[in-house]
Amino acid sequence: MMAAVRDYAKELKENEQQGPCCQGMDINVDELLDDPELERLHRDRVAAMKQEAERRAALQQAGHGSYSEITEGEFLEIVTKTDAVVCHFFHKDFERCKIVDKHMGELAPKYMEARFIKLSAPDSPFFTVKLGIKVLPAVVVFKGGVSVDRLVGFEQLGGRDDFSTAALEARLAAAGIRTGVRKGAAAAGEESEEEECQVAASIRRGIVHKGSDDESSDFDD
């Protein structure tokens with residue numbers, strides 16, 4: 001509370017230096033301590049910070065904020081009980097899958113609202129076939145237990161192995177994956193609904209068929 005009062009007093013002093021509107025005002029910190037409005041604002045701020053901390057802790061406990069490998073037995077429960085999931089179907093011997101691992105690992109801590117996971121395609125034949133995964137790497141986005149978008153190979157990332165993390169981030173944003181940082185729309189710098197539609201329309205391709213630059217889908221090799 002005392003820190004908030006000091007901040008408020010400092011702000012008043014700065015306003016006084018910038019213009020005549022606050023000149024002549026004597027600032028008594030002790031009186032500010034007894035201000036009920038300032039006290040209420042402080043309580044609200046502390047409560048909001050506590051609530052956000054508890055929310056993030058709960059998400060971390062549920063596996064959010066990190067990029068982890070799961071088994072086929074865990075897949076269905078995670079996808080159906082999590083609002084947003086980004087799943088990388090991979091093969092441990094494919095170099096391009098390792099590149100995707102690097103970028104996914106960097107994005108996971110930033111996107112707390114989504115769960116970032118990886119699933120070995122050859123070790124998960126049921127879901128690999130069920131979802132029509134034929135080319136690796138494949139990144140599938142799930143919302144409410146439903147597959148809503150997918151990124152296959154690197155074609156939508158410029159067709160290059162050295163694509164940036166920002167390129168994958170933009171692609172996931174078009175699929176509806178957001179940071180979920182609760183600091184207001186202006187601070188978060190969120191795009192307008194119209195801009196989102198334009199981005200999604202310009203880069204969404206649906207399922208990309210195997211091209212010459214994609215890894216082999218023969219999981220037994």
Side-chain angles (χ1 to χ4, degrees), residues 53-157 161 163 165 167-181 204-211 213-221:
E54 291 174 348
R55 188 184 71 87
R56 291 180 67 86
L59 287 173
Q60 287 179 332
Q61 190 172 6
H64 293 247
S66 62
Y67 177 50
S68 57
E69 181 174 352
I70 65 167
T71 65
E72 187 174 38
E74 298 171 307
F75 177 79
L76 190 59
E77 181 177 3
I78 291 174
V79 168
T80 56
K81 293 186 177 181
T82 308
D83 290 339
V85 176
V86 181
C87 181
H88 171 209
F89 287 83
F90 77 100
H91 190 298
K92 63 182 179 65
D93 295 328
F94 288 179
E95 289 301 319
R96 281 195 160 187
C97 291
K98 296 175 183 177
I99 293 173
V100 172
D101 281 340
K102 170 182 173 293
H103 295 297
M104 292 276 280
E106 292 182 9
L107 291 175
K110 181 177 180 181
Y111 290 81
M112 287 292 294
E113 301 298 321
R115 181 86 187 269
F116 281 70
I117 58 176
K118 59 188 291 188
L119 184 66
S120 172
D123 295 326
S124 310
F126 178 80
F127 289 112
T128 299
V129 173
K130 188 74 172 176
L131 292 167
I133 304 297
K134 298 179 180 180
V135 178
L136 300 177
V139 177
V140 182
V141 177
F142 297 88
K143 287 289 194 71
V146 178
S147 170
V148 297
D149 203 356
R150 66 177 60 196
L151 176 64
V152 183
F154 289 177
E155 182 176 325
Q156 297 177 60
L157 299 170
D161 289 2
F163 67 88
T165 301
L168 177 58
E169 185 174 18
R171 183 62 183 79
L172 293 178
I177 301 300
R178 296 287 183 265
T179 59
V181 178
R204 185 165 298 179
R205 300 280 197 275
I207 300 177
V208 179
H209 298 289
K210 181 179 178 182
D213 292 332
D214 294 324
E215 297 279 11
S216 168
S217 60
D218 187 351
F219 304 146
D220 296 327
D221 286 352

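Sequential numbering from 1 along the given sequence is applied to the chain's residues.
- Residues Lys118 and Val100 have side chains not in contact (no heavy-atom distance under 4.5 Å, counting atoms from C-beta outward).
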For this session: Might you work through the side chain to side chain contact (heavy atoms under 4.5 Å, CB included) test for Ile177 and Leu107, ending with a clear yes or no?
Result: CA-CA 11 Å; Ile177 301 300; Leu107 291 175; over 6 Å; no

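- Sequence neighbours left out, not one pair with a member in residues 82-91 passes salt bridge (Lys or Arg N to Asp or Glu O under 4.0 Å).
- Relative ring orientation between Phe90 and His88 is described as tilted, the plane-to-plane angle lying within the 30° to 60° band.
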For this session: Take Glu72 and Thr128, measure what side chain to side chain contact (heavy atoms under 4.5 Å, CB included) needs, and give me the verdict at the end.
Result: CA-CA 10 Å; Glu72 187 174 38; Thr128 299; over 6 Å; no

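- Once rounded to the nearest 0.5 Å, the distance linking CZ of Arg115 with CD1 of Ile70 reads 7.0 Å.
- For the pair Asp149 and Arg171, the minimum side-chain heavy-atom distance is below 4.5 Å.
- Rounding to the nearest 0.5 Å places SG of Cys97 at 15.0 Å from NZ of Lys102.
- The distance from atom NE2 of His103 to atom CG of Leu168, rounded to the nearest 0.5 Å, is 7.0 Å.
- In this structure, the separation between NE2 on His91 and NZ on Lys98 is 10.5 Å, given to the nearest 0.5 Å.
- For the pair Ile117/Glu74, no side-chain contact is recorded, criterion being any heavy-atom separation below 4.5 Å from C-beta on.
- At most 12 non-hydrogen atoms from other residues, nucleotides or ligands lie less than 6.0 angstrom from NZ of Lys81.
- To the nearest 0.5 Å, atoms CG (Leu131) and SG (Cys87) are separated by 8.5 Å.
- Between the Arg178 side chain and the Ala173 main chain, a donor and an acceptor come within less than 3.5 Å of each other.
- Within the 4.5 Å cutoff, no side-chain heavy atoms of Val86 are placed close to those of Tyr111.
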What side-chain donor-acceptor pairs closer than 3.5 Å can you find for residues 120-127, not counting sequence neighbours?
residue: Ser120; atom: OG; partner: Asp123; partner atom: OD2; Å: 3.0
residue: Ser124; atom: OG; partner: Ser120; partner atom: O; Å: 2.9

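- Counting heavy atoms from C-beta on, the side chains of Leu151 and Leu172 never come closer than 4.5 Å.
- Side-chain contact between Leu136 and Arg96 is absent, with no heavy atoms from C-beta onward closer than 4.5 Å.
- Between Phe75 and Phe142, the angle of the ring planes goes over 60°, which puts this pair in the perpendicular group of the 30/60° scheme.
- Although no hydrogens or angles enter the test, the distance criterion places a donor-acceptor pair under 3.5 Å between the side chain of Lys143 and the main chain of Gly176.
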